[in-house]
Number of protein chains: 2
Amino acid sequence: MDEVRWLDATEQEAWRAYLDTTRLLIQTLGRQLETDAGISFTDYELLVHLSEAPERRMRMRDLADATLATRSGVTRAVTRLERAGWVRRVECEDDRRGMHAELTDAGMAKLEKAAPGHVAAVREQMFDLLSSREVEQLHALCARMRKHLEAGR
Amino acid sequence: MDEVRWLDATEQEAWRAYLDTTRLLIQTLGRQLETDAGISFTDYELLVHLSEAPERRMRMRDLADATLATRSGVTRAVTRLERAGWVRRVECEDDRRGMHAELTDAGMAKLEKAAPGHVAAVREQMFDLLSSREVEQLHALCARMRKHLEAGR
DNA sequence: TGCAAGTCGTTGACACTTCAACGATCCGAT
DNA sequence: ATCGGATCGTTGAAGTGTCAACGACTTGCA
């Protein structure tokens, strides 16, 4: 039965600032994409992952890992995106259980149309406010946390 | 028609690291609270805000601002928490439209029971991995971003 | 004082996500 | 070769969040 090591005032402030900032940022980016491009942040990111994959296609499972969502979440997202015409399902040759989600030309076009506004918003709300030194520091610290978080999963 | 200032490789890496880390962190903390204390991260935070307020009560609207949720979101959360016995609604004296959400003794007890594990998890996944210098830097940079985000509503 | 405009909390409708369970399929040890 | 245990993607059920609209109430201005 160890003592609890509470957060001191500095840590608490940092924690709240981090939490609030992140939420505001994600809300803001989501709203920007929604109103300017008519796509949700989640769907946008899924398309980004596909666009960066070889042949613009990924296994459902890998898509789940990449987006940090569940398999069922990806199933439904892909259904949604398929209905919009931005993604198509392609059966897997080497694994008959498997499915690929493949970015269509329309999906790529959608992405190219949405990206500039999104990147501008990310810049405006984040990178334009940070020195390159701060970006490095943030990156380092996040990478360290991510490694730890992934280990304990 | 301005040129798009894309993110360079360093910025992209930092951006992904930040996004993934944040999601993993929130998922992990949520899971910890859910399994060890039987409460969601959202509900936990709402209770924390109440516990820090004078008389352990807040107007619904203020609660919405504090938690960065919508008024309707708070309405439903409070209904949920009221059903669990952790919060009670109290009518407002000076504004007959108004409602207070007030932390009950049971709610305070719940909070005191859940807090140690939560704080330990926050330490383990975050503050134990950061030097105090890094905490300061993160705080500074988040505060700057938050201010900017709040300005743009 | 009276009234238009705004704010408060709630609700219905809907969107998105997760969990648990499922049938189908793959794989490794025997 | 087979068989038990894993993995794959999907589905139903349930939970949680948002938006738009509402009635109730307050506020500011003429």
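Proteins come first, then strands; the chains are lettered A, B, ... in the order of their sequence lines, and each starts at number 1.
Look at CZ on A:Phe41: it is 17 Å from C1' on D:dG17, rounded to the nearest Å. In this structure, the CG atom of A:Asp95 is 8 Å from the P atom of D:dG9, given to the nearest Å. Between the CD atom of B:Glu93 and the C1' atom of D:dT26 there is a distance of 17 Å, rounded to whole Å. A:Asp43 places its CG atom 13 Å from the P atom of C:dA15, with the value rounded to the nearest Å. In this structure, B:Glu45 places its CD atom 15 Å from P of D:dT16, rounding to the nearest Å. What separates CG of A:Leu46 from C1' of C:dC16 is a distance of 13 Å, to the nearest Å. C:dG9 atom P lies 12 Å from atom CD of B:Glu91, rounded to whole Å. Distance, A:Leu81 CG to C:dC16 C1': 12 Å, rounded to whole Å.
For D:dC19, one of the phosphate oxygens OP1 or OP2 lies less than 4.0 angstrom from a side-chain nitrogen or oxygen of A:Arg31.
In this structure, the side chains of A:Leu47 and A:Ile39 come closer than 4.5 Å at one or more pairs of heavy atoms. Looking only at side-chain heavy atoms (C-beta outward), B:Met58 and B:His100 stay at 4.5 Å or farther from each other. Counting heavy atoms from C-beta on, the side chains of B:Leu141 and A:Leu129 never come closer than 4.5 Å. Residues B:Glu11 and A:Met126 are not in side-chain contact: their nearest non-hydrogen atoms beyond the backbone lie 4.5 Å or more apart. Residues B:Glu45 and A:Leu19 are in side-chain contact: their nearest non-hydrogen atoms beyond the backbone lie under 4.5 Å apart. By the 4.5 Å heavy-atom criterion applied to side chains, A:Thr75 and A:Arg89 are counted as neighbours.
Residues A:Arg80 and A:Arg96 each lie close to DNA chain C; by heavy-atom proximity, the contact nearer the 5' end of the strand is made by A:Arg80. When each of A:Gln27 and A:Gly98 is assigned the nucleotide of DNA chain D with its nearest heavy atom, A:Gly98 is the one assigned upstream, toward the 5' end.
Only A:Ala69, A:Thr70, A:Ser72, A:Gly73, A:Arg76, listed by number, bring a heavy atom of residues 60-77 of chain A to less than 4.0 angstrom from any atom of DNA chain C.
Remark: the backbone N or O of A:Ala140 is not paired with any side-chain donor or acceptor of B:Glu134 at under 3.5 angstrom.
Counted by atom type alone, A:Thr67 and B:Arg23 present zero donor-acceptor pairs between their side chains at under 3.5 Å. Checked by atom type, the side-chain pair B:Thr21/A:Arg144 shows no donor-acceptor distance below 3.5 Å.
Applying the 3.5 Å distance criterion, the base of D:dT7 shares a donor-acceptor pair with the side chain of A:Arg97.
For the helix from C:dT1-D:dA30 to C:dT30-D:dA1, the rotation axes defined at the first and last 5 base pairs enclose an angle of 30°, given to the nearest 10°.
Counting any heavy atom pair closer than 4.0 Å across all strands shown, B:Thr42 reaches sugar-phosphate atoms only and no base atom.
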